[in-house]
Amino acid sequence: MAIDIANVAAELTKLVEKAGPASALAREHALMLAKKGEEYAKTIAPVNKTGKPHKLKSGYVDEPGDYRNSIRGDVLFKDGAWRGRVGAYDWKAHIIEYGAKGKPKFAVLRRTAGYLRGTDS
């Protein structure tokens, strides 16, 4: 039985192309970009300038910087590839990102995505 070297090489090439996005190097690159986004987002995140904690009706004490400190850059494996992401996990993240009645829109994560893409928006 003869082995078709060209066919084997083509099959190996297909396997390498599929494995490329799932490699450890791809994961490290995605993590590096996510951490870069985390650092940038923390520099533009709004912080209560009074420096005083704010107590909510529920009894929860909101400390200045809680939103900024909740921003994380991490990676996840999705659809056969490593994906970097930056997210804010504080309870008021949605309000800070999109605004609300009487509250301005800061769009911290949208601006971070633009920064990572190399654009201003």
Side-chain angles (χ1 to χ4, degrees):
M1 178 177 197
I3 298 176
D4 182 9
I5 299 297
N7 191 25
V8 171
E11 290 299 317
L12 284 173
T13 301
K14 286 180 190 176
L15 288 173
V16 168
E17 287 173 356
K18 286 182 182 177
S23 72
L25 185 61
R27 181 188 184 285
E28 289 305 313
H29 183 69
L31 183 60
M32 185 237 357
L33 286 174
K35 291 299 182 185
K36 181 178 177 183
E38 175 186 341
E39 290 174 15
Y40 177 76
K42 285 182 176 183
T43 64
I44 63 171
V47 177
N48 180 353
K49 291 181 175 83
T50 65
K52 297 177 184 175
H54 175 73
K55 188 171 183 179
L56 302 179
K57 291 178 185 177
S58 65
Y60 175 79
V61 178
D62 187 34
E63 297 287 339
D66 278 353
Y67 169 74
R68 179 197 58 218
N69 297 338
S70 78
I71 297 172
R72 290 194 316 257
D74 55 5
V75 293
L76 64 126
F77 192 73
K78 184 176 180 184
D79 298 328
W82 288 103
R83 312 245 185 227
R85 69 178 177 183
V86 179
Y89 301 95
D90 189 51
W91 67 270
K92 60 191 164 293
H94 186 85
I95 296 167
I96 290 173
E97 186 71 18
Y98 299 104
K101 187 176 181 180
K103 303 286 183 192
K105 171 173 83 169
F106 288 96
V108 173
L109 300 178
R110 181 189 55 80
R111 291 166 45 204
T112 299
Y115 168 78
L116 291 173
R117 280 192 306 266
T119 63
D120 289 341
S121 58

Nearest atoms (heavy-atom pairs only) where [X] meets [Y]:
X: Pro64; Y: Gly51; result: CG-C, 3.6 Å
X: Lys105; Y: Glu97; result: CG-O, 3.1 Å
X: Gly37; Y: Thr112; result: O-CG2, 3.4 Å
X: Ala88; Y: Tyr67; result: CB-CE1, 3.4 Å
X: Val75; Y: Gly84; result: CG1-CA, 4.1 Å
X: Ala45; Y: Ile71; result: CB-CD1, 4.0 Å

May I ask you to test the Trp91-Asp62 pair for a side-chain heavy-atom distance under 4.5 Å?
->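 Answer yes - side chains close enough.
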Is the closest side-chain heavy-atom distance between Ile44 and Tyr115 below 4.5 Å?
-> no
Output all residues satisfying salt bridge (Lys or Arg N to Asp or Glu O under 4.0 Å) with Arg85, sequence neighbours left out; order by chain, then residue number.
->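 Scan of Arg85 (salt bridge (Lys or Arg N to Asp or Glu O under 4.0 Å), adjacent residues dropped) gives Asp74.
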Got a sec, which residues hit salt bridge (Lys or Arg N to Asp or Glu O under 4.0 Å) with Asp90, two or more places apart in sequence or on another chain?
-> Lys92
Do the side chains of [X] and [Y] join up, straight or via other hydrophobic residues, at under 4.5 Å, putting them in one cluster?
X: Leu31; Y: Phe77; answer: yes
X: Leu109; Y: Ile95; answer: no
X: Tyr40; Y: Phe106; answer: yes

Hydrophobic cluster of Leu33, others only, ordered by chain and residue number, side-chain cut-off 4.5 Å = Met32
Heavy atoms of other groups near Tyr98 OH, more than 12 under 6.0 Å |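 Count not over threshold, so no.
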With His54 via ring-ring contact (aromatic ring centres under 6.0 Å, His included) - residues at least two apart |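 Result, ring-ring contact (aromatic ring centres under 6.0 Å, His included) vs His54: none returned.
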Apply side chain to side chain donor-acceptor pair (under 3.5 Å) to Thr50 and list each qualifying residue two or more places apart in sequence or on a separate chain.
->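 For Thr50 the side chain to side chain donor-acceptor pair (under 3.5 Å) partners, ignoring immediate neighbours, are Asn48.
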Value rounded to 0.5 Å, distance of CZ in Arg27 from CG in Leu76 = 10.5 Å
Which residue pairs pass the salt bridge (Lys or Arg N to Asp or Glu O under 4.0 Å) test with at least one member in residues 30-41, sequence neighbours excluded?
->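 Every pair satisfying salt bridge (Lys or Arg N to Asp or Glu O under 4.0 Å) with a residue in residues 30-41: Lys35-Glu38, Glu38-Lys42.
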